[in-house]
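Below, chains carry the letters A, B, ... as their sequence lines are ordered, and counting in each starts from 1.
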Number of protein chains: 2
Amino acid sequence: MRAAAGARAARADRRRSTAAPRAASPTQTHPYAAVDVVILTIDAGELKALVVQVREGPCAGQWAFPGGLVQMHESLDDAARRELSARTGLGGIYLEQLCTFGDPGRDPRARVVSTAYFALVAAKDMVAASSKYAGVAWLPVHALPRLAYDHDAIARAALDRLRAKLSYTNLVYGLLPDAFALGDLQEVYEKILGRRLDRRNFRKKILASGLLRRLRTQRRGPHRPAALYRFAQRRPMMVEML
Amino acid sequence: MRAAAGARAARADRRRSTAAPRAASPTQTHPYAAVDVVILTIDAGELKALVVQVREGPCAGQWAFPGGLVQMHESLDDAARRELSARTGLGGIYLEQLCTFGDPGRDPRARVVSTAYFALVAAKDMVAASSKYAGVAWLPVHALPRLAYDHDAIARAALDRLRAKLSYTNLVYGLLPDAFALGDLQEVYEKILGRRLDRRNFRKKILASGLLRRLRTQRRGPHRPAALYRFAQRRPMMVEML
DNA sequence: TCAAAAGTGTTGGCATTACACCCATGA
DNA sequence: TCATGGGTGTAATGCCAACACTTTTGA
């Protein structure tokens with residue numbers, strides 16, 4: 001009898017595919033594997049994360065990062081990429097595994113071991129409406145509400161990782177448009193690191209790195225025009241940035 | 001019928017507890033969650049890893065890192081700690097999550113998503129004989145044979161992580177006995193980083209850090225006696241070491 | 001003409017590197 | 001006495017942080 005219930009739950013999982021299990025089945029015999037994705041972008045000069053409103057279960061109504069069960073045929077990275085492209089128009093620029101959370105009770109509905117990813121997208125892109133969630137929003141990372149499950153910890157991990165990587169990789173390119181002014185670049189760094197940087201030192205360092213190509217165009221505005229640059233290489237690299 | 005087989009497999013899993021699933025069941029509906037632990041020590045001046053010989057399945061006879069399925073009641077960390085203390089006498093000094101591997105096909109027996117951990121132990125301690133594996137050995141990390149599954153990648157990840165952490169944490173204490181000479185400490189760093197360090201600069205830096213307490217005792221040998229030191233704090237800390 | 005952002009060099013301090021000789025011991 | 005590792009200081013270099021004024025534009 002317990003076995004029959006377990007089998008029923010298993011079939012239901014297969015059908016619902018990426019959805020998290022609906023209720024803790026007393027017959028669950030081993031943890032489910034899932035992914036959760038922290039999708040970050042810069043919007044209106046702020047670092048924002050894509051969150052979805054949980055539709056069912058004890059956490060209904062709370063915000064959480066989008067996620068779902070890992071399918072039999074796909075790798076973890078594929079599962080994360082699937083979540084990413086289901087939520088955003090473009091596939092996203094960058095995706096990296098963060099860490100894995102597996103405390104019993106982290107998800108009240110079932111025993112789920114979830115691998116967290118973080119992703120960068122250039123501009124907050126179309127967000128596909130989804131019947132899976134009650135709502136979707138881009139919220140400022142520095143003023144997130146309490147999130148469902150253990151997603152507060154995931155948010156912290158994502159921000160920590162991003163901060164660390166900004167200083168020794170060229171990942172920022174994933175948060176900027178193709179052409180940008182040095183001031184834009186600096187602003188992204190300051191917003192994410194949470195501290196001011198010296199403009200002269202910053203420009204010296206960045207330009208000396210040789211990662212940027214100066215364009216012939218300028219950006220005009222109500223101020224002195226700014227020279228525009230683009231990243232010579234738009235792919236992830238280890239580089240001393242700060 | 002498929003459902004019945006699935007339930008049977010699930011019950012079998014619960015019974016075998018930590019053992020990996022024996023054969024890919026055609027009815028497996030979602031991936032299993034597992035942990036693998038890279039247990040490292042310094043022995044005879046070399047960095048060594050604990051490996052076990054796979055007893056069954058297509059990889060039988062090959063070496064792999066010890067691991068097993070995550071139980072319903074335990075966290076990932078607990079599962080890793082359980083593997084660690086099942087293999088070594090002392091619980092081990094340090095345990096940290098590395099990353100998670102989940103490619104389909106990484107384990108030919110079943111679909112397994114495995115979270116890798118790395119652990120440091122002070123001296124290669126008793127290794128509990130286990131019916132689970134055909135053999136157990138400490139092998140030099142720099143000359144590992146080809147490992148089973150995707151454990152080559154896990155080994156690389158563990159070594160990379162350890163190298164990185166040595167320079168900005170005090171984790172070395174986990175690889176050293178309570179009292180040691182500065183030469184010992186330097187040797188550990190050189191062995192793991194794979195390069196020579198200048199002795200005078202090394203001593204200056206380490207002693208200036210204030211992390212070590214000089215003991216009144218000396219170590220005698222066929223050479224000039226060496227002053228002995230101990231770490232003032234034997235717990236993981238972020239500290240600039242090199 | 002004003003407000004607002006863009007652009008530009010120099011200096012001092014600190015940290016890192018490179019480097020060579022004497023010492024104490026057991027065999 | 002010899003082989004082996006233990007112990008020590010200085011000088012040159014490079015890196016980073018601090019710092020203020022002029023320029024260009026649109027409103």
Identify each atom pair where a protein N or O and an N or O of nucleotides 11-16 of chain C are less than 3.5 Å apart, giving names and distance.
residue: C:dT16; atom: OP1; partner: B:Lys205; partner atom: NZ; Å: 3.4

Should A:Asp36 and A:Arg106 count as an ion pair when the cut-off is N to O under 4.0 Å?
yes

Rounding to a whole Å, what distance do you find between A:Arg203:CZ and D:dT22:P?
18 Å

Give, for atom CG of B:Leu40 and atom CZ of B:Arg161, the distance between the pair rounded to the nearest 0.5 Å.
12.5 Å

Length of the line joining A:Ile206:CD1 and C:dG7:P, which is rounded to integer Å:
14 Å

Contacts of A:Ala157 that satisfy side chain to side chain contact (heavy atoms under 4.5 Å, CB included) - sequence neighbours left out:
A:Leu98, A:Cys99

For A:Tyr173 and A:Asp178, run side chain to side chain donor-acceptor pair (under 3.5 Å): C-alpha distance rounded to whole Å, both residues' side-chain angles, the deciding distance at 0.1 Å, then the answer.
CA-CA 8 Å; A:Tyr173 77 81; A:Asp178 191 60; over 6 Å; no

Spacing of CD1 belonging to B:Ile192 relative to NE2 belonging to B:His142, to within rounding of 0.5 Å
7.5 Å

Quick one, which residues of residues 213-232 of chain B touch DNA chain C with a heavy atom under 4.0 Å?
B:Arg220, B:Gly221, B:Pro222, B:His223, B:Arg224, B:Pro225

So, B:Asn170 side chain and B:Met238 main chain: donor-acceptor pair closer than 3.5 Å or not?
no

Is A:Gln97 reaching over with its side chain to a backbone N or O of B:Thr100, donor-acceptor style, under 3.5 angstrom?
yes

Could you check whether any side-chain heavy atom of B:Tyr229 comes within less than 4.5 Å of a side-chain heavy atom of B:Arg213, counting everything from C-beta outward?
no

Specify whether A:Phe180 and A:Phe231 have parallel, tilted or perpendicular ring planes, treating 30° as the upper limit for parallel and 60° as the lower limit for perpendicular.
tilted

Rounded distance in Å - CD (B:Gln186) to P (D:dG7):
11 Å

Do any of residues 189-202 of chain B sit with a heavy atom less than 4.0 Å from DNA chain C, and if so which?
B:Asp198, B:Arg200, B:Asn201

Yes or no on side-chain contact (heavy atoms from CB on, under 4.5 Å) for A:Tyr117 and A:Leu84, after CA distance, side-chain angles and deciding distance?
CA-CA 10 Å; A:Tyr117 278 77; A:Leu84 175 58; over 6 Å; no

Return the CG to CD1 distance between B:Asp184 and B:Ile42, rounded to the nearest 0.5 Å.
10.5 Å

Measure the spacing between CZ of A:Arg203 and CD of A:Gln186 and express it to the nearest 0.5 Å.
8.5 Å

Given Watson-Crick or G-U pairs with both distances under 3.5 Å, what dot-bracket string fits DNA chain D, with | for other-strand pairs and [ ] for crossing?
|||||||||||||||||||||||||||

Sequence neighbours left out, what passes side chain to side chain contact (heavy atoms under 4.5 Å, CB included) with A:Gln62? Give chain and number order.
A:Cys59, A:Ala148

